[in-house]
Amino acid sequence: MKIEEMPEDIRPFIVPSPQGRMYYHCLECHSEHPIEELLYTCPHCKGVLLLEYQGDFSHEVPGSKLKQILEYRKLANIQSLKGIFRYYEFIAPILPLEHVLYLGEGNTPMVLANGALRDMAKREFFFKLDGLNPSASFKDRGMACALSYLNYLVNVKNINLLAICASTGDTSAAAALYCSYVRDRISCCVLLPKGKVTLQQLSQPLGHGSKVLELPGLFDDCMKVVEYLAEVYNVALLNSKNSWRILGQESFSYEIAQDFDWDMEKKVIVVPIGNAGNITAVLSGFLKFFKKGLIKSLPKIVGVQSEHADPVYRYYSLPKDKRRFEPVNVRPSVAQAAMIGNPVSMPRVIRLVEEYNLFSHKENVFVVNVKEQDIMDSMMMANRNGNVVCTQGGESLAGFLRAVREGIVEEEEIGILDSTAHMLKFISFQDMYFQDSFDASFEIIPKKELQNAPYFVTTERFKERPDSSSRAEFVREIGEEIARILDLSPRR
Ligand SMILES: *Cc1c(COP(=O)(O)O)cnc(C)c1O
Ligand SMILES: [Zn+2]
């Protein structure tokens, strides 16, 4: 829609311009630091940072109009506002639009679960298919914001940068994609735990031209190395320690609110937890919308972890006065992207959960843990019923079912389950399920009724491709064989 076709009072606000200021805020010592520096931890106390905005766009944009502006912005054909920056005022209101990158991220569909799945959960629920982002995971949301900021920085300062990240597979895929778009200024290097990302995930940064370094060890080890590099050398860190990523990921919450016409009453958001950047962003996003009055109530949040990597679950299962965070040693998990024993964003989660419950006037954030078996079975079930869900999406479903069983989710509540990546990224786990080839440490026994395999059709005469003289017989013989296999009845 052309801007001049929109209501007159909305037009001036469709294309936003930078205003106010942003700064890093240390969660530990509460010091403030300018965003012109590349900072990931507090230079005073090494505490975790969050980005804060100072300035009040509601002077300029009246709150009552904000919803309408966001609705009309959805219709505007402006590249930089097509993705997560539709929520410009809530993400990074200081970035000039010409530096904003849009590679097709955001606006992912919310798909109502079919009858069979809803019967299973005895609830209505949706999958939000974040695997339909350009690099096939939700990580693109945060990366679009982090790279827009870096793009702004390198252009204003007229410098080149090396961006670096550790990854369980999807962060590196997203980082590589966004860096490759601005490769004249920003190059990319990714550190991966050797053998601990899928073939598909490994191929993504390679295809986008990143330097790919494999390390012996697990993600937590790679993370420590990247942190060291970012501390000692002049590199831009792209892990979720980078607060710009959190801002971009908040768009997940904004889209859900907008897709429900700003009504978050009786809604339950279910997300898998790994490094805890995503749940941080989800909490923070809904809080921002709530504080600005765009939504009248805060949805329930359910975080899910595998029993094989559940430090956040363990923390919250302790009584309030006994809570102390302890990293865990992870065991192999099919939810490999969440196989993290020492989540970097834990201090953010602890602070935000407190604030979230406070504003909700009740306990409104829950963490459940689930069995590896349930994660796999749930992924298989979801995909059998018309969804495109990865192992972590399976974890969301397993967690939702668990939360229903435990009475965390009430009868009339509606679930929105995060399918964080595309099923094809984690298809090796589906293969293991079909072939019953899981290592014993996963503790997974495939269910017969959920297995599947291709069937090679041959006949006595045709074991190979026919030559042209026998093609007609090939079609008939193979056709008859297929009719027998499928038990087809002839047309009358
Ligand atoms: C990164 C990732 C997660 C975990 O998200 P965190 O922000 O690390 O908690 C879950 N699923 C997929 C597919 C991911 O790539
Ligand atoms: Zn500090």
Side-chain angles (χ1 to χ4, degrees), residues 23-33 39-50 108 128-133 135-143 165-175 192 196-198 200-201 204 219-220 223 238-242 245-246 248-250 252 270-284 301 303-306 309-313 330 333-349 367 375 379 388-397 399 417-427 429:
Y23 57 91
Y24 293 109
H25 170 227
C26 172
L27 292 185
E28 303 296 325
C29 75
H30 301 290
S31 59
E32 291 180 10
H33 306 277
L39 282 187
Y40 311 106
T41 49
C42 174
H44 298 340
C45 75
K46 301 253 181 288
V48 176
L49 301 172
L50 273 179
T108 54
K128 186 162 169 66
L129 299 179
D130 251 25
L132 299 192
N133 276 298
S135 83
S137 86
F138 78 82
K139 298 292 200 296
D140 293 329
R141 295 178 180 278
M143 217 47 87
C165 68
S167 179
T168 51
D170 291 333
T171 297
S172 47
L192 304 175
K196 293 289 182 293
V197 306
T198 69
Q200 292 74 15
Q201 290 171 319
Q204 287 184 290
F219 169 81
D220 290 307
M223 190 65 219
L238 285 181
N239 283 95
S240 52
K241 209 159 194 176
N242 179 329
R245 281 199 41 212
I246 303 295
Q249 280 172 210
E250 288 170 2
F252 180 82
V270 186
V271 292
I273 305 177
N275 223 3
N278 198 26
I279 193 166
T280 296
V282 168
L283 290 167
S284 169
I301 308 287
V304 191
Q305 295 207 293
S306 160
D310 60 356
V312 183
Y313 166 77
V330 296
S333 172
V334 295
Q336 196 167 263
M339 209 178 99
I340 294 171
N342 191 10
V344 158
S345 288
M346 196 60 202
R348 290 166 169 159
V349 173
V367 182
I375 297 175
M379 175 185 97
V388 189
V389 166
C390 65
T391 41
Q392 294 70 218
E395 190 174 14
S396 291
L397 177 53
L417 281 48
D418 192 351
S419 175
T420 48
H422 200 287
M423 69 184 277
L424 292 177
K425 277 202 179 212
F426 294 87
I427 212 67
F429 292 106

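We count ligands from 1, going down the list as the structure has it; atoms in each ligand are counted the same way. The analysis underlying the following values was restricted to heavy atoms, covering all of them including side chains, and did not include hydrogens, waters or symmetry mates.
- Residues L397 and V389 form no side-chain contact, since every pair of their non-hydrogen atoms from C-beta on lies 4.5 Å or further apart.
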Ligand 1: protein N/O within less than 3.5 Å of ligand N/O:
from, atom 1, to, atom 2, distance (Å)
ligand 1, 7 (O), G277, N, 3.2
ligand 1, 7 (O), N278, N, 2.7
ligand 1, 8 (O), N275, N, 2.7
ligand 1, 9 (O), G274, N, 2.8
ligand 1, 9 (O), N275, N, 3.2
ligand 1, 9 (O), A276, N, 2.8
ligand 1, 11 (N), T420, OG1, 2.8
ligand 1, 15 (O), K139, NZ, 2.7
ligand 1, 15 (O), D170, OD2, 2.6

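- Between the side chains of T108 and R141, a donor-acceptor pair is found at a separation under 3.5 Å.
- A side-chain N or O of D418 and one of N278 form a donor-acceptor pair less than 3.5 Å apart.
- Within the 4.5 Å cutoff, the side chain of T171 has heavy atoms near those of the M143 side chain.
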Please output the side-chain donor-acceptor pairs of residues 333-347 that fall under 3.5 Å, not counting sequence neighbours, one pair per line with the distance.
from, atom 1, to, atom 2, distance (Å)
S333, OG, A335, N, 3.0
S333, OG, E372, OE2, 2.7
Q336, NE2, K196, O, 2.8
S345, OG, R348, NH1, 2.9

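- In this structure, the side chains of H44 and E28 stay at 4.5 Å or more apart for every pair of heavy atoms.
- Between I375 and M379 there is no side-chain heavy-atom pair separated by less than 4.5 Å.
- Closer than 2.8 Å to the Zn ion (ligand 2) sit the protein N, O or S atoms C26 SG, C29 SG, C42 SG, C45 SG.
- With a 4.5 Å cut-off on side-chain heavy atoms, T420 and K425 do not count as touching.
- Annotation: salt bridge (Lys or Arg N to Asp or Glu O under 4.0 Å) contacts of D140 (sequence neighbours excluded): none.
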